[in-house]
Each structure stands twice: as C-alpha cells, then as structure tokens.
Engineer: 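Pasting a structure here, questions to come.
Just so you know, these numbers use all the heavy atoms, side chains as well, and skip hydrogens, waters and symmetry mates. Numbered from 1 within each chain, the chains take letters A, B, ... in sequence-line order.
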Amino acid sequence: MLPKTYDFESTERRIYQMWEENGYFKPFNDPNEEDFDPEIENYVISIPPPNVTGKLHLGHVLFVSMEDLMIRYHRMKGYSTLWVPGTDHAGIATQLQVEKQLQKEGTSRREIGRDAFLKRMWQWKDDHSGLIKEQIRRLGASCDWDRERFTMDEGLSNAVREAFVHLYEKGLIYRGPRLINWSPALQTAVSDLEVEHEEEKGKLYYFKYRIAGSEDDYIPVATTRPETILGDAAVAVHPDDERFQKFIGQTALVPILNREIPVIADEYVDLEFGTGALKITPGHDPNDYEIGMRHGLEIYSMLDKAGKVTAVGGPYQGQDRFEARENLWEDMRQEGLVLKEEPYVHQVPRAQRGGEIIEPMVSTQWFVEIQPLAEKALAAVKNGEIEIVPERFEKVYYNWMENIHDWCISRQLWWGHRIPVWYCDECGERTVKRQDPTVCEHCGSETIHQDPDVLDTWFSSGLWPFSTLGWPEETPDYKYFYPTTMMETGYDILFFWVARMIMMGLELTGKKPFSTVYLHGLVMDEKGQKMSKTKGNAIDPIEVMDEMGTDALRFTMLVGSTPGNNTNLSLKKVEANRNFANKVWNAGRFVLSAIQDTPSSPQSPPEWTLADSWIWARLQDLIREVERLFQNHQYGVAGRQIYDFFWGDYADWYLEIAKEQLDQGEDRAYYTIETLVRVLDMCLRLLHPFTPYVTEELWQHLKDAVMHSPLQERLGAWEDALIIAPWPETRPEEGWEAETMEHFNLIQEIVRTIRNVRAEKNVQDGQLIPATFASAEYSPILENQKTVLAALAQLDKEKISIYTNLAEKPEGHVALVAGPVEIYLPLADLVDPEEEYKRLLGELKEAEGHIDRLEELLAGPFSEKAPQEIVGKERDKLEDYREKARTIQEQIEMLKGSS
RNA sequence: GGGCGGUUAGCUCAGCUGGUAAGAGCGCCUCCCUUACAAGGAGGAGGUCGUUGGUUCGAGUCCAAUACCGCCCACCA
C-alpha cells in the first residue's frame with residue numbers, strides 16, 4: 001500500500017534517474033543515429049545558460065520549469081525534442097568572485113599574473129560548476145545532458161573565433177578611440193546596456209565662465225560634475241540667445257587652469273534650462289562628445305583609468321575624481337567664480353555589476369558596427385519570421401533596434417574569449433586569424449603579440465543557439481536542429497541576449513536562430529518587491545523544495561505566471577500546491593485500491609451512468625481547452641483548469657459517486673473502475689509537464705496495477721513511462737455531451753441545495769433523511785440518479801419519493817427548489833414556520849428579481865441584436881425562474897394553509 | 001521626455017476569443033478525524049472589478065481621458 005502522504009523525497013531522485021538512464025531526455029530521432037529520419041518534426045530549445053558558478057535562484061526555477069513544460073508537452077505530442085543545456089562563463093561576475101578570493105589571500109590578479117590567474121579561474125569553475133547543474137536536475141529538467149555546453153569549451157570558442165573573424169573581414173568590427181563607459185573599480189569598459197541610470201540627489205553647481213580680455217564679462221554656467229571643468233573644451237550657447245550672442249566666437253577661460261577655450265554656438269543648448277549656457281567636456285560626456293565632434297573641439301582626458309585626475313588637471317593631478325570636485329570648487333569659490341549651488345535630482349550612471357559610478361571617457365576599444373545587423377534583425381520580427389510573446393514586447397524591441405548604438409565588445413578582463421587579433425611589433429599591422437598565427441601576415445615578423453582584452457560575455461552568448469549545435473561546423477545536429485524552435489527567457493535580457501542572438505544568427509548562419517521568443521517576467525516576493533538578500537525577503541528555492549517538493553514549487557511558478565508579467569511568489573501558494581500534489585496522490589491511491597478489486601471481465605457491454613458520461617465529457621472539454629491554451633502560450637491558465645477539473649470535478653464528485661457504483665454489481669464496478677482509470681490516466685498526462693514527479697510515480701503504479709488486472713483487456717498496453725506517453729488527443733464535441741452536462745449539473749444543484757439546508761438546520765452529519773422530489777420533465781432522471789442523490793445528499797434511499805406532479809404539497813416539510821425540481825424534506829420539527837416563511841419569501845424575491853431583469857432584457861433590443869444562441873439561453877433561464885417562482889408561491893401557500 | 005505593465009473579496013492573485021447579476025488560494029465563521037486525502041470533506045460570510053466618459057443589444061474584458069503604484073528606454077547641463 002502506498003503511503004498516505006505523497007513522499008516526494010523518496011520519489012524525485014529515483015524517478016529522475018529512471019528517466020535519464022532510459023534516454024528519455026534525448027531526441028528520439030537523433031541525426032547521429034542510423035535510423036534518423038530528417039522528415040520528423042523537431043522541437044528545440046537552447047537553455048538560457050546560467051552562470052557556471054552560480055547558485056539556483058527563483059529566476060532559474062521559473063525558466064527551467066517553463067522550458068521543461070514546453071519540452072515535455074512536445075515530447076508527448078510526438079516531436080523529436082531537444083533541450084540543450086549548458087552554462088555561461090559570465091565574464092565579469094565570475095572573475096570578480098575569484099578576485100575577491102585573491103584579495104582575501106592578500107594578493108591580486110595583477111600580482112600573480114595572467115596565466116596563474118586563469119588557472120585559478122578554471123579551478124574555480126571546476127569546483128563550482130557542478131552545483132547549478134545538480135540543482136537544475138533537481139527541478140526535473142528533461143534536457144539532454146550529453147549535449148551540454150559551456151561558452152568557453154573548445155567548440156564554442158571556435159564559434160566565437162569564427163564569428164569575430166567573419167565580422168572583422170566584413171568590416172563590421174572595428175577598433176578605435178571612442179567615448180565609452182569606463183568602470184574605474186572594475187577597470188574595464190562596459191557596454192551601454194551594462195550601465196544603469198539611477199535617479200539620485202546631487203547638486204547643480206552654478207559658476208562664472210570668464211571671458212578672456214575682459215574684467216567683468218562672464219557666462220554663467222551650471223553643471224552637476226564640477227570636476228569635469230578641468231576637461232572643458234568650449235562653452236556653448238544657443239545661436240539665438242540674445243543674452244550671450246555677443247560672446248560667440250570669443251574666448252573663455254577655464255577656471256583655475258585659465259586655459260583658453262572658444263565660446264561656440266550650438267542648437268543643442270536649451271535656452272530655458274540652467275543658465276542657458278553649457279560647458280562642453282568632449283572627453284567625459286556623451287553629448288559633449290557629439291558637440292565636440294561637430295565643432296572639431298579638442299578632447300581633454302582629465303581622468304585616468306583609476307578615476308584620478310590626469311596632468312590635464314594641472315594642480316589637481318593625482319586627486320580622486322570626487323576629491324578633485326571638492327577642491328576645485330573650493331578654489332573657485334576663493335577666486336569668486338562660484339555663483340550658487342542648488343540641490344538637484346539627476347540620473348547617475350552606475351555599473352550594473354558593483355554599482356560604482358561609471359565615467360564616460362575616451363578609450364581605444366573594439367566595436368561592432370551594429371546598424372547593418374540591426375536592420376536584418378528588425379525585419380525578421382516585423383515580417384513575422386520571428387514571433388515575440390507577449391506581442392507588446394515587439395514594440396519594445398523595435399524601439400531599441402531603431403535607436404541602437406555601436407556595441408563596445410572589448411573588456412579589460414582576463415576571464416573570457418581573448419580577442420583574436422595580433423599586433424606586429426615591427427610593422428604595427430594587425431593579423432586577425434581563425435587559427436593562432438605565429439608570424440605577422442603583413443611583414444612576416446615573429447614578434448607579434450595578441451590583444452590583451454577579452455570579448456564581452458554577450459558576444460559568445462549571442463551565438464548560443466547555433467554554437468551549441470556545432471556551428472560553424474555543419475554537424476548533423478546543426479543541420480537537423482537549427483534553427484531552433486523556442487527561445488524562452490526573461491524580458492530583462494531582451495536586449496542583452498535575445499536581440500544579439502537574432503542579429504548574430506541572421507548574419508552568421510543566414511537563418512533566424514529561433515521561431516518564437518517567449519518572455520517570462522521576474523520573480524518577486526509576495527508583495528511584488530524585488531527579492532534580495534539585504535531586504536531579507538529572498539526565498540531559497542532549495543529550501544522550498546526540501547520542504548514541499550519540486551512539483552509544488554514548479555506548479556506554483558507555472559500556474560502563477562502570465563507571459564511577460566512578473567510573478568509574485570509566496571510560500572502560501574507553494575503550500576497550496578503541495579496540497580494539490582497530495583490530492584492527486586490520494587485520488588490515485590483510491591483508484592489503485594479499486595483496481596485491486598476489479599471484477600473479472602464484464603459479461604455485458606458498457607452501460608455508462610450519468611456520472612460516467614459526465615466526467616468523460618468534462619474531460620474532453622478540458623483537453624480541448626488545454627490544447628487551445630497551450631497553442632496560445634497560456635500555460636498558467638491551462639494549469640489552473642486542470643487543477644480545477646481534477647479537484648473540483650474528478651475528486652469531489654466523480655470519485656464520490658464511483659464509490660457507490662462500485663457496489664452496484666460486477667459489470668458496473670468494472671466499468672466504473674475503467675472510467676476512474678481512464679480519466680486519471682488522462683489527468684496525469686495533462687499534468688505531467690507541470691508536475692512531472694508525482695505524475696510519473698503515480699502513473700507507474702497505475703500502469704502496473706492495470707497490467708495486472710482484468711482491465712488490461714480493455715485498456716491495452718501502455719508505454720514504459722509517462723514522460724513518453726502520448727499527449728491526450730482532442731476530439732470534437734459530440735452530440736450527447738451537452739445534455740449530459742445539463743443533467744449532471746441539475747443533480748449537482750439538487751445535492752448542493754439539500755446540503756445547504758442541512759447545514760443551515762444543523763442536521764446531524766451522517767443522519768439519513770427522507771426526501772420527496774417532484775418534476776414533470778426530470779423525474780426519470782431523478783429516478784435514475786436516486787442512488788447518487790442518496791449518497792451525496794445523505795438521504796434515506798428507501799424513503800425517496802419521486803413524482804411527476806404533486807397535487808398536494810407534503811405538509812410539515814421544508815420546501816426547496818433546485819432548478820425545475822421541487823424538493824421536500826421532512827425537517828419540520830427542526831423548523832420554525834415563521835422562519836421558513838421568511839426564507840421562502842426571500843427566495844421568491846430573488847427569483848422575481850431575476851424575472852424582472854430578464855423580462856426587461858428580453859423586451860429590449862437584446863433579443864434582436866444578440867446572437868440567437870445567447871438569446872435562447874436567456875429565454876430558457878427566464879422560463880426556469882418563472883417556474884421556480886411559481887413553485888415557491890405554491891410552497892408559501894401551503895405553508896400558510898398548514899399553520 | 002517617450003513607452004509599457006498593474007489597479008478585481010481582509011491578503012496574494014486568475015479572469016485567455018466582450019455574452020449577462022464576478023472566480024481561486026490563503027484568512028475568517030459553522031459542522032464533520034465517514035474505510036483516497038484533516039496537506040481533508042460539507043456549508044457560509046465577503047467585491048458598485050481605481051475614477052470619468054465612450055463604443056456596443058451587452059464591458060472586469062474594447063476605446064479615450066485621468067489618478068496612484070511599478071518597470072523599461074532616453075544625451076537636458
């Protein structure tokens with residue numbers, strides 16, 4: 001006998017191992033095998049590679065669960081599915097970990113040197129990379145581990161090399177001095193995307209820009225970063241500004257330094273803002289850089305890579321940027337150049353990693369000329385070749401692509417793909433090769449040295465969907481599985497990653513890298529706040545799984561998420577879903593025990609009861625719904641519907657009725673068990689992509705039981721495992737279904753009505769009571785469902801009377817109406833007639849309210865304009881209420897008469 | 001400055017293609033440890049679906065304004 005509570009601890013590891021050992025995670029149609037059939041449709045996802053030394057967080061849980069759901073669904077649908085797992089070297093993030101370690105040891109990467117440092121990096125990677133993979137397995141991820149990749153393994157490094165050289169040869173990669181984002185702490189350039197703009201409180205500093213050759217003339221200027229005055233190359237005013245027009249063309253003097261700079265006119269200057277005049281620092285501000293370019297201004301680099309003032313800053317040389325700000329401002333105050341300071345809120349650029357203030361500065365770096373790539377990438381989405389779900393992100397994507405800037409790809413780090421460019425010490429020319437060169441290809445000199453920088457991590461991630469399949473080699477995997485099908489990832493990396501994959505894929509492979517982009521939201525805490533360790537609201541998924549099982553966590557994430565929207569996770573929800581897993585388990589236990597007692601093969605053909613037909617019809621309806629929702633990527637809604645069906649229909653109603661049917665003769669029992677099994681089987685299949693463990697475990701037991709019972713004859717042979725069992729097929733609704741639903745709904749309504757009054761009147765639970773029913777139309781059904789009614793409403797089966805017409809209402813009874821059916825329960829001794837009268841009056845009032853409303857509705861334009869189907873429905877409803885009201889009237893009359 | 005999302009029961013959220021007096025989980029109240037499940041069962045209370053207009057026979061669902069919360073993008077010193 002199975003344990004009373006689902007024991008996920010003893011199940012999960014065993015089941016995962018079983019799946020993996022049997023090769024179920026591998027595509028069944030493998031291009032590397034003999035029996036490969038290129039015609040079979042495939043379904044491919046490349047995993048968004050987590051940081052190789054990372055630790056599982058809820059973001060991982062969400063995407064792994066989601067992708068596993070997609071993969072399992074398609075595997076069951078018969079696609080040759082491949083989910084490629086892997087990890088990312090995550091340049092800066094990982095390097096910082098090791099640097100931190102070195103710091104603890106009292107040394108640094110520069111001290112130990114590049115080779116030794118890289119050794120340490122690989123060591124670190126080897127020590128830590130197992131964890132995240134193990135945790136992903138624990139989530140039940142059915143990815144093909146034999147095809148696992150790492151962004152810095154040999155194959156992928158080749159792909160990076162090929163990509164770089166290809167783009168370089170095409171002239172789309174160039175090197176040169178540009179204004180870039182520099183992180184003084186990280187000591188590297190970062191791309192625009194890696195800079196976050198935070199609104200912060202600062203000051204707006206007003207001061208005088210003195211005009212050369214004059215005692216009193218000055219232009220008032222405001223700045224948020226006074227230290228950059230040291231790098232000023234001009235003062236700009238608007239050409240139409242009457243206040244300053246006379247100064248245009250004159251010379252201004254940089255405070256303290258007294259360097260002479262021109263006063264220029266530029267349309268960019270906003271007359272209204274600040275003082276209406278602008279200091280121009282081309283070396284340290286993106287706008288000023290542009291203006292400087294337009295006017296051919298000198299670029300003064302007044303900060304070095306450590307963020308200290310250079311020789312340009314004269315007396316301030318060597319001072320830290322913030323120190324220099326204070327000192328310079330103080331000196332200017334002494335000189336009488338200061339006008340005022342105002343508190344000011346402005347955007348401060350900070351490094352995504354580390355949070356340090358980024359300095360824009362001019363530096364020689366490698367760039368990708370992005371325009372030509374972006375055009376193709378834009379078109380691919382616009383023409384529908386690539387679909388983004390939810391659709392609204394397409395607009396976001398367009399906006400970004402249309403305003404894109406060249407991509408700075410060189411990083412002054414050591415952990416990453418080294419830029420494949422060699423400089424000749426003799427002739428100074430560059431050699432760019434797919435294979436490491438030994439000599440300069442221009443002069444043949446052997447004294448060449450490789451560029452010390454590495455590539456942005458996202459450069460290699462951008463190749464992920466094809467590099468993992470073997471590109472640039474034309475491997476069987478690449479030929480069959482590329483382009484991939486689905487790119488499932490968070491909307492937060494739409495630009496970082498998705499956009500780059502599309503650009504790189506189209507350029508390098510000539511094909512789109514995937515057909516659909518599905519973007520999920522971020523995982524927040526239950527209040528919608530970002531989770532963080534410092535806030536103390538972070539939930540550790542491992543702990544949750546330890547406590548409540550993987551299925552519970554998965555189901556919570558999947559069902560709680562709507563495409564593109566954030567998911568707020570609370571432990572309460574996980575708990576509720578753990579209960580659901582347990583519900584499934586226990587329903588399964590019930591069915592299993594029923595199977596044990598299956599009578600031998602039936603003598604007669606099946607005679608399905610109303611409940612049998614109803615649950616089957618509901619199931620078919622559910623399957624259609626789920627299919628439709630899956631096609632629309634509405635996975636969460638689908639999960640909820642399965643949940644509702646399983647708990648609300650199958651467990652709460654059908655199972656209870658089945659208990660009765662099991663006692664109604666051998667054939668009836670047999671067919672009941674068959675229905676129990678068939679529906680459970682279908683539910684387990686539908687649920688499997690959401691909660692793989694409990695469903696597989698239960699299904700194995702179910703299969704085992706069925707195969708050893710007389711049911712086998714009618715249920716046939718099943719697959720070896722649920723993971724590869726076929727997905728339930730939809731079939732069109734059949735004629736009998738609507739009526740079955742209607743009849744069963746009536747039974748449900750009667751049962752609820754009786755239960756309600758029992759609870760209200762405090763009838764002892766378990767006490768069977770007599771009942772009288774009357775209905776012209778439905779009496780045959782009531783007769784037929786006597787047992788069901790008796791069991792569910794706790795009626796005395798021997799004392800149920802059913803009439804088509806009751807001329808005399810029974811006296812001393814509680815009178816009820818459920819739909820068109822009158823119900824009389826002999827509870828008079830429990831009932832105060834006065835109270836009863838009030839209750840009936842209340843019900844009458846309600847019914848009359850409906851009648852009024854519906855009459856009004858049907859009298860209006862509704863009946864002409866609305867579809868006949870809808871109108872008919874409302875008409876029927878009106879009839880029902882009228883009949884109900886009539887019945888209640890009679891009941892009231894009777895009550896009056898008897899008292 | 002542009003764009004996007006949210007605003008539905010005490011709390012956290014569903015509500016997909018507009019269909020007729022709004023759903024779930026948790027919490028709350030009453031009863032029940034009945035032989036699948038107390039991580040359960042039965043019943044119940046609780047919402048003018050942010051506000052204002054509009055389209056429509058019909059709107060939580062579509063449109064327009066507006067308020068608040070949040071996010072993204074952007075070169076206003």
Engineer: What integer number of Å spans the P atoms of B:A74 and B:C57?
Structural biologist: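 Here B:A74 and B:C57 have their P atoms 46 Å from each other.
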Engineer: Taking any heavy-atom pair under 4.0 Å as a contact, classify A:Asn566: base, sugar-phosphate, or nothing.
Structural biologist: nothing
Engineer: Does A:Lys659 make a cation-pi contact with A:Phe590, if we ask for NZ or CZ under 6.0 Å from the ring centre and within 45° of the axis?
Structural biologist: yes
Engineer: Indicate for each nucleotide in nucleotides 25-35 of chain B, in 5' to 3' sequence, whether protein heavy atoms under 4.0 Å reach the base (B), only the sugar-phosphate (S), or nothing (-).
Structural biologist: SS-----S---
Engineer: Knowing that exactly one of A:Glu359, A:Lys279, A:His284 qualifies, which makes a side-chain hydrogen bond (donor to acceptor under 3.5 Å, both in side chains) with A:Thr228?
Structural biologist: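 That would be A:Lys279.
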Engineer: Please collect all salt bridge (Lys or Arg N to Asp or Glu O under 4.0 Å) contacts where either partner lies in residues 550-576 of chain A, sequence neighbours excluded, each pair once.
Structural biologist: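 Sorted result for residues 550-576 of chain A: A:Asp68-A:Arg554.
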Engineer: Record whether the side chain of A:Glu656 comes under 3.5 Å of the base of B:A36 through a donor-acceptor pair of N or O atoms.
Structural biologist: yes
Engineer: For B:G40 versus B:U34, give the span between their C1' atoms, rounded off to a whole number of Å.
Structural biologist: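 Taking atom C1' in both B:G40 and B:U34, they lie 12 Å apart.
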Engineer: Taking only side-chain N and O atoms of A:Lys761, does any of them lie within less than 4.0 angstrom of OP1 or OP2 on B:G43?
Structural biologist: no
Engineer: With a 3.5 Å cut-off and heavy atoms only, can you find an N or O donor on one side and an acceptor on the other between the side chain of A:Tyr268 and the base of B:C75?
Structural biologist: yes
Engineer: Would you call A:Glu341 and A:Lys203 a salt bridge, taking side-chain N to carboxylate O under 4.0 Å as the test?
Structural biologist: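 Salt bridge present between A:Glu341 and A:Lys203.
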Engineer: Just to verify, what does A:Glu194 make a salt bridge (Lys or Arg N to Asp or Glu O under 4.0 Å) with, not counting sequence neighbours?
Structural biologist: A:Arg411
Engineer: Does a side-chain N or O of A:Tyr491 approach OP1 or OP2 of B:G5 to a distance below 4.0 Å, or not?
Structural biologist: no
